[in-house]
Structure formats: C-alpha cells, structure tokens
There are 2 protein chains.
Amino acid sequence: MTEPGQRRSGRAGAATIYDIAERAGVNPSTVSRALNHPGRVSAATEARIRQAADELDFHANPMARALPTGRTRTLALVLADVTNPVVFGLIRGAERAAAAAGYTLVIAESQESGAVEAATVERVAPAVDGIVLATSRLADDEIGAIAARKPVVTVNRGGSASANVSPDVEPGIAALVAHLESLGHRTLAFLAGPANSWTSTRRWDALFAAARRAGLHIVEIGPNAPTVEGGGDAYERCEASGATAVVAYNDLMAMGLIQAARAAGRRVPEDLSIVGFDDIFGAALITPALTTVRADLELAGEHAVTHLLALMGEGAAPADCDELATELVVRDSTGPAPTR
Amino acid sequence: MTEPGQRRSGRAGAATIYDIAERAGVNPSTVSRALNHPGRVSAATEARIRQAADELDFHANPMARALPTGRTRTLALVLADVTNPVVFGLIRGAERAAAAAGYTLVIAESQESGAVEAATVERVAPAVDGIVLATSRLADDEIGAIAARKPVVTVNRGGSASANVSPDVEPGIAALVAHLESLGHRTLAFLAGPANSWTSTRRWDALFAAARRAGLHIVEIGPNAPTVEGGGDAYERCEASGATAVVAYNDLMAMGLIQAARAAGRRVPEDLSIVGFDDIFGAALITPALTTVRADLELAGEHAVTHLLALMGEGAAPADCDELATELVVRDSTGPAPTR
DNA sequence: ACGAGTTTGGCAACCGGTTGACAACGGCGC
DNA sequence: GCGCCGTTGTCAACCGGTTGCCAAACTCGT
C-alpha cells in the first residue's frame, strides 16, 4: 500500500514546512506558527521544529508566503537614470535601510521618461509592498493614482499626492548667494534642468528669491538635458546672458559647462564662476574643482525607505528631516567677479 | 438562496482571473488558458475574455503565478559596491537586457565582503530565477554551491564553477605596454587591488606577461583597497619602487594616485605616468585626464543577462564575446619617461 | 443520420505557506 | 472526582494562479 499524503518526497528542491512537519512529527501549521509566532507553541515543540528546520536548511518560500499575506517584503526604487552619479547615494542609503528592515530592494529605471516610468511602475507595483519614486517625471495625478494602490514616497518631488522627502535647498542656496555676492558678482544665471523637473523648479525658485533679496540680477536659461552634454550645449547662451556666475541645475551640467568654457578659451573662475548642485563623485576631481551645493542623498534614500516602512505600518517615521539640509561646498570653480 | 462560489465579491484589490471568469461567463481555468496559451481556446471566447480583462484592468499576480510554476521572472544582480562608478554600465546593460526579456532586475550589494555576499545571495536566491554575480568575493566552491541551485553567471570572475563573462584584457594591455614602451618607460609598477580579486590577478598576470615579452621591468604593489583612498595611500610605495609608470588596478585608484602625486609636488605625466582600468565616469574629467584601459561594461552586463537567460532555457546564448575586447584610451596622464 | 475525430471548456488538484476555529489536553481549585 | 480555564496542536479553508485529464460539443466524411 502506498503512503497517503506524501508530497513530492525525495524531490531535489528546497525544504518546505511539510518536510519539517514530518521530521518533527507535527502538523505543518504548527511549523508555521512555531517559526512566525513565538510563544504560540510550547518551547519544547518549537525547539524541535527549529532544529528540524536547521537540519533541512529551511528557507520559507517568499512567493508562497506572499500569496496569503499579500506582503512580499520587497520595495521598489524607481530612478530616472541609474548611471547618473547623483543616484548612487540614494541607492546605497535606500539599500541599507531596506536590508536593515529585512526588505529586498528592486531598482527600476525610467530613463528620464514619464511614459517609461509609468510602465515600469505598472510592471513592478504588483510585486512590491511599497515604492520610492526618485526624481519622478510623473504628473501629480499619476503619482496620486499609484499612491492610492501602494504606499509611495517620493524623493525630490514635492506635491500633496504623496509623502515626500527632499533635501532642504534653502540653507545651501542662501550660503551660495552670500558667497557669490561677497565675490562681487552682480548678475547670475541659472542653467535649468528638464522642463518638468520639480527639483529644477525648486532650485530656481529658491535661488531667484535669494538673489532678489540680495539685490542681484538673475536670469534663467533652459530647459536643458541634465547631463554633461546638456551643460556644454548651453555654454553660448550663458555667455550671451552677461552673467559673471552661472549656477547649473546639477553637477553634471556644471561639469559640461566648465569643459565647454575652457574649450572656448575662457578661464574658470577668473572669467566665469560656475556652481553645481549635489556634490557628485567627480566634482572634486575636475579642474577646477567644482563649488557645489551638497545634499546628503544617502541619508535621503535612507529616510525615504524609513518613511515608506512607516507608511506601511512598520516602524516609526524618521524623526525630523533637519539633517537633510544642504550645504555649500566651496572649491575652485568660483572666484571674484571679473572687473568690466 | 446565496450564490455559491462567490469569492470576495466587491473587495477593493486588484482584479483576478475569477472576476474575469465571472464577467465573461467562463471558468477561471479558461481565462488562464486564453491569456497564456494563445490558440488553446476559441477566438471568440478569447476575445470576450481579453475584453473583460481590459475592462477590469487585469494584471496577473506575479506571486500567485510563481507559486505553481516556480518561475518569478526576476533576476538578481549582486555587486560588491553600488557606488563604484565601474558598475553603472553593468547595471544599465543588465537592466536593459532583463527588461527586454520581460524580467525584473533586483540589485543587491555585498559591500566588498564575502560573508555579506553569501548572506545576500542566500536571502535573494529563493525569489529569483537566476543570479548575476559581478566581481564576486566568493570562493569557487561557494559559487559552485549557488550554481547548483540556481542558474548563475559571473562577471569578471573566472573559474569553472559557473558560466562567466569578462572583458578580454589582452588587447588593451598589449596596447598599453606598447604605448608605455614607445614613451621610453623601462620600469613599470602595478598597483594591485584587493587580495582576493580575480580581476586584479588577471590584470596583473596579463600585464606581467606583456611587460616581460617587451623586456620591461615590472613590480607589483599591493594589495590595496580598490578606492580613491586606496590609490592615494599607495603613492609612497610607488615612488619607492623606482617605476616611471604606474598601472593601477582601476581608475578609482589611479585617480587617488594622481591626487597624491600632485599633492606631493610631482607632475603627472612629466615625472610619473599613471594609467587606470575601466574608463569610468570622471576619468576624462580629472586633470590630467586619465589614460585608461576601457572595457564596455554595459555590454558585459547585457551579455551576462543574455547568457543567464540562455542558461534558463530562454533565448539563445549571445553570439561571441569578441565585442568585449578592451581598448586603450590614451589621454593626458601618460607621457615620455623622465630622463634620469 | 451516424460514428470518428477534433475542438473547446470545466473540474479539481496543486504550488507552499497563513490563519481562524476548534478540540484535546493538562492543571487547578473546590 | 468534577468542572473550568488556559495552553497547545490540528483541521481546513484560502491566497490566485496553472495544468492534467476528461467530457461535452462540434466538425466532417460517408
């Protein structure tokens, strides 16, 4: 006679709670309880079960667990461009916070396109418990629609549609304007990023306000691609603006601008002062080393994930976001304004 | 009388095949067939089902699907350090190839530690269909153990334990040695990476062989941390070696070395020529711009994923890996050897 | 009009866990 | 010795798909 209830005995695959149950002489559900609800079963049985689990090198199948609970212990981080150095810190911080909470991080790239981003989110959403949208190109209502289905935290993308963590640009920008003013600059140019970039708009607004307060002239040039090439391409328009100091939307553009300016025979900072944002890898390496407004993106990534977990009812929200203040890093790309 | 078989009617969550079945007046299994096995059901019913699915905005639950099939349509990419610019290309290439095949890519970081890497793989393995191990710190037998359970492809990590894709260092190194020799260098130093780095060993072996063939002297300095700091820390030993040209294990170290040399008042390349590997972002930005041996890591990432998919029986293996040949990029950090 | 052969769709088991309901059990006070 | 209560383990349903097997229905030739 054949044994009844014999599930795939001898199969190669991973051990299941049924294997453990058999080995420990208990019911599968008891195994589940012993492993997940400490105290629910007697200490003796729990010990027996744990030992059997160890011997069998048991690892619960995440999919099987996710099915009834609906929780996958996976978070998604959606980025515009993985190769942009700005996001390294974000990735690392988010990865660390996720791993610390026992979550796995899925990284998805939207390639700077709203349409791709929407499709990516659509694809990834059903398999994750929450989503971090970094520098999203999505419209407010699209974000709202996603947030209605899954917990969402945005990074560098304000609006009421969802929770948001963004470095506070004010301190850095205030310091920057003071720095430039003290160097004698009277006319500034802001090299804007992409048209629909919330961050670019925010930086421009803050810079504009600070410049006006200080009585400086300021113009906006853009929109531009937020890349080294985008910065280089805008060089002529910067010169045409008559500004003695150019603040680029990000370090990548500032670097492109430095290269274009030098290629055109202009000296930086003697003829033109250039400033970036983010303090990415390479900002200190380029000649002249870039003056920039730094934000601690690693911390931002960490906060975003902590926030997301809090939204999901896991752990508390991060204390205060004052640590996310930006600061000015003065290097060699800014100098006294040239005398006319 | 209450209707039988009524599953969670009216619940908010995502639509299921049961909802579709009800709406189209067929059995759930028919819905599954219509959606996944074209031709298995009549065109008329399939159309009715597809329309119902569209109206309900149906997306199959990945977990539920993964349970019986065992396939998650997810791949893992395990990296030593996400913030190392070398891996950007890898990530982007792998992401692209995975997305093209309808797979999701999970990125996990091992922080340059074999123990962390093993734990990471352990954690992530049950939820993915295959694993790409990039610049692994794992021992051959550990990799073998993983490969026995899941399809594995390594990048920049040879050995017979698993399939491997690595750029071919020979062409780039041959060109490099020829370049240095023509500039009059007679004594070379290689600034090694971490002790257990397969890539570092490989580069050293190839460089050593090429140098010997050319009749040049060569010494190895190391091991060192594969970072900017690691490169800077090794500066004194480079000087002490008497070499007129230093080849660093990677660009990061070369950059650190350049900074340290300049800080010590040495001119690059007049007093010392410096070469890197990988051609990362920033290599062209630093002053002097770095001469380096470039590998197309983006393509390597793509190949690795294609290879992995082939291992999983999905699509064919990539044609030939000749495209992965390295090439020398000559910039400004190499020059004629100083005359004694 | 009838039987053979082919579609087409339904039934039910299954993947591997989780969990509510419940029964068996043991200890306790009286 | 009895009833009561708290503990511990079992049963069975369920999450949302997939798939082997089978029967009904439909095709077509004769």
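Proteins get letters first, then strands, A, B, ... in listed order; numbering begins at 1 in each.
A salt bridge links E122(B) to R149(B): at least one charged side-chain nitrogen sits closer than 4.0 Å to a carboxylate oxygen.
Residues L308(A) and P151(A) approach most closely at CD1-O, 3.5 Å, considering heavy atoms. For the residue pair A108(A) and E95(B), the shortest heavy atom distance occurs at CA-OE2, 3.7 Å.
One finds the CG atom of L299(A) at 5.0 Å from the CG atom of L324(A) (value rounded to the nearest 0.5 Å).
Contact between the side-chain N/O atoms of H37(A) and the OP1/OP2 oxygens of dT19(C) is found at a separation under 4.0 Å. Side-chain N/O atoms of S32(B) include none lying less than 4.0 angstrom from OP1 or OP2 on dG17(D).
Put simply, the side chain of R48(B) gets close to the backbone of A24(B): a donor and an acceptor are under 3.5 Å apart. A donor-acceptor pair is defined here as one N or O able to donate and one able to accept, closer than 3.5 Å; such a pair exists between the side chain of R157(B) and the backbone of L138(B).
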What does the B/S/- profile of nucleotides 7-13 of chain D look like, 5' to 3', with a 4.0 Å heavy-atom cutoff to protein? -BBBBB-
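Checked by atom type, the side-chain pair N156(A)/T135(A) shows no donor-acceptor distance below 3.5 Å.
Between W198(A) and the choices T154(A), N164(A), D140(A), the side-chain contact (heavy atoms from CB on, under 4.5 Å) rule is met once, by N164(A).
A heavy atom closer than 4.0 Å to some atom of DNA chain D occurs in L67(A), P68(A), these being the qualifying members of residues 51-75 of chain A.
Distance CD1 (I17(B)) to P (dT19(D)): 11 Å, rounded to an integer number of Å. What separates CD1 of I49(B) from C1' of dG17(D) is a distance of 14 Å, to the nearest Å.
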